[in-house]
Amino acid sequence: MPRLVRDRLTWVIYVQLSLWCYFLYGFGPVAPLLRDELHISRTLASLHGTGFAVGGIIGGAVIPALTRRYGRNRLIWAGLTLVSAAAMGMFAAHHLALTLTFATLASFGGSLLVNGVVAALTEHHGTAGPAAISEANAAAAAVGLVAPLVVGLAYGLGLGWRTGLVLVVVPTVLLAVFAGVRAPEPLPHGDPHGAGAGRLPAAYWLAATSLFATGSVEVCLTLWGSDVLRAHAGVSPGVATAAVSTMIAGMVTGRIAGGRLLLRHRPTRVLLAALGVSAAGFALFWAATVPWPAMLGLFVCGLGVGLHYPLGIGLALAHSGGRPDLAAARASFAVGISFAVAPFALGSLADAVGPHPAFLLVPAFLLLSAVVVTQLERAGQPVAPRRAVEPSSRCEPAGRRAGRGHERRRSGARRRPSRHDPVLSDQ
């Protein structure tokens, strides 16, 4: 059974992903507030989801080349910087064109960060990579749980939702100052398994389709879940915005449990179970006409939704043929398209028939994911790569590590694998 070792680099990566999720989940439930503030339709408000999609798609197109040129570590930090810049820009933005621009900028930064993070965790933890990705997303969702509460509280106090969103800048600066570690870089691009070389297997695209479907579910719930609470369950605007945290609380719980389940069960089976839980929670949420069962439904739905992305991206990287950076970048297309198509389709349908019946798009996306994951389950498990970088419980200066490695080689001791060594299968 693989063992997950949480060294300093692992914790820094967890925090980096958490800061992005603070912005993502903090901005998600403000779409109805922006609609009221800017006096626009649901269709126009849903364009913020399209802006997120455009940023993700651009990221997916340029990340392989940027990774080869600048490396993962720089891209992760550049992404986090762009997210902070978008939060500050959103603080002063009171026009649709500006809010769309900063949503797109944040999504592009987030794609740089997320792609670097999942590839780094996969390479750093080897066969324990899926569990590390799930745990990273659990930590991120825990921080994301706070974001709608802060944004809703700021709105309720008359400070405006932007005040809560811009708070992400302070911990970003502190982490940049005190991190003290670097993400592992990809294999040299001359290698056939490098950051952007080669073609991805057919099984990868099944996993990418699942990412599109489950991404559609998550973005619909985070962007428009509060609108359904207002229109169908009689919840006030401020409380409805903060109530999205009930789903995120479920996501945190699901991801914590999922990290342990993934050390014992096949990812495809865990994902199929998660899709079933999401469907049950959605049914309760959609049928409720008073606040508490609707919020309970969101929580149950979150238990499953929390596992959708980490399991989907883990399956995509596992079926990448040893090309985690390329796979992660192309996965941005799937997630980006879901952010473009799903909120706009749901917003347009909600303008025509109302938000409550329009939300029946969600179970359709869940069914699509279940179909392709079942096909992956029948295809069997890919051969897991060996761990490319051995996690350490402490962070040492590079010179000291090099010196100790020279002493080990001179004394005949066996050298640890380097991140520049080829990543081979266990066969």
Side-chain angles (χ1 to χ4, degrees), residues 8-9 11-31 33-34 37 48-49 51-52 54-56 58-59 66 70 72-117 120 136-137 139-183 222-223 241-242 244-245 248 252 339:
R8 183 174 182 178
L9 173 60
W11 288 114
V12 168
I13 289 175
Y14 287 5
V15 175
Q16 288 171 327
L17 185 61
S18 297
L19 291 172
W20 158 237
C21 282
Y22 180 91
F23 180 95
L24 179 64
Y25 291 120
F27 183 74
V30 305
L33 301 180
L34 272 173
E37 176 185 312
H48 291 92
F52 270 84
V54 170
I58 293 173
L66 292 178
Y70 298 107
R72 283 192 200 123
N73 190 70
R74 288 183 180 178
L75 284 182
I76 290 172
W77 284 110
L80 200 50
T81 300
L82 291 177
V83 172
S84 296
M88 291 187 291
M90 199 73 74
F91 187 79
H94 295 276
H95 189 278
L96 179 61
L98 292 177
T99 56
L100 289 176
T101 297
F102 289 121
T104 305
L105 180 66
S107 179
F108 176 70
S111 70
L112 297 182
L113 187 152
V114 170
N115 283 272
V117 159
N137 279 271
V143 174
L145 172 65
V146 177
L149 296 174
V150 174
V151 172
L153 178 63
Y155 178 83
L157 293 175
L159 301 174
W161 57 266
R162 294 170 174 82
T163 302
L165 200 63
V166 80
L167 292 176
V168 72
V169 176
V170 175
T172 298
V173 173
L174 292 176
L175 182 64
V177 172
F178 296 109
V181 289
R182 296 175 59 86
T222 54
L223 280 177
T241 301
V244 175
S245 288
I248 302 173
V252 174
F339 272 58

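Predicted, not measured: the structure shown is a model, and the values here were computed from it.
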Are any of the side-chain heavy atoms of Phe52 and Thr104 separated by less than 4.5 Å? no

Heavy-atom nearest pair, Leu9 first then Arg182, reads CD1-O, 3.5 Å

Any heavy-atom pair between the side chains of Trp161 and Leu34 that's under 4.5 Å? yes

Thr99 and His48: which non-hydrogen atoms are nearest, and at how many Å? OG1-NE2, 2.8 Å

Any side-chain heavy-atom pair from Leu112 and Leu66 closer than 4.5 angstrom? yes

Should Leu113 and Leu17 count as side-chain neighbours, where that means a heavy-atom distance under 4.5 Å? yes

Heavy-atom pair with the smallest gap, counting every atom of Tyr22 and Ala147: O-CB, 3.3 Å

Quick one: side-chain hydrogen bond (donor to acceptor under 3.5 Å, both in side chains) partners of Asn115, sequence neighbours excluded? Ser332

Does Trp77 reach the side chain of Leu175, with side-chain heavy atoms less than 4.5 Å apart? yes

Over all atoms of both residues, closest heavy-atom pair of Ala120 and Ile13: CB-CD1, 4.1 Å

Could you give the distance from CZ (Phe27) to CZ (Arg162), rounded to the nearest 0.5 Å? 9.0 Å

Side chain Ser111, main chain Phe108, donor-acceptor under 3.5 Å: yes

Contacts of Tyr25 meeting side-chain hydrogen bond (donor to acceptor under 3.5 Å, both in side chains) (sequence neighbours excluded), chain-then-number -> Glu218

What pairs of donor and acceptor atoms, side-chain ones from residues 83-96 against any protein atom, are under 3.5 angstrom apart with sequence neighbours left out?
{"residue": "Ser84", "atom": "OG", "partner": "Leu80", "partner atom": "O", "Å": "3.2"}
{"residue": "Ser84", "atom": "OG", "partner": "Thr172", "partner atom": "OG1", "Å": "3.4"}
{"residue": "His95", "atom": "ND1", "partner": "Ala97", "partner atom": "N", "Å": "3.0"}

One should read off an interatomic distance between Asn137 CG and Ser18 OG, to the nearest 0.5 angstrom, of 9.0 Å

If we only count heavy atoms from C-beta on, is the Val54 to Ser107 side-chain gap below 4.5 Å? no

Side chain to side chain contact (heavy atoms under 4.5 Å, CB included) partner of Phe23, chosen from Val169, Leu167, Val166, Leu165: Leu165

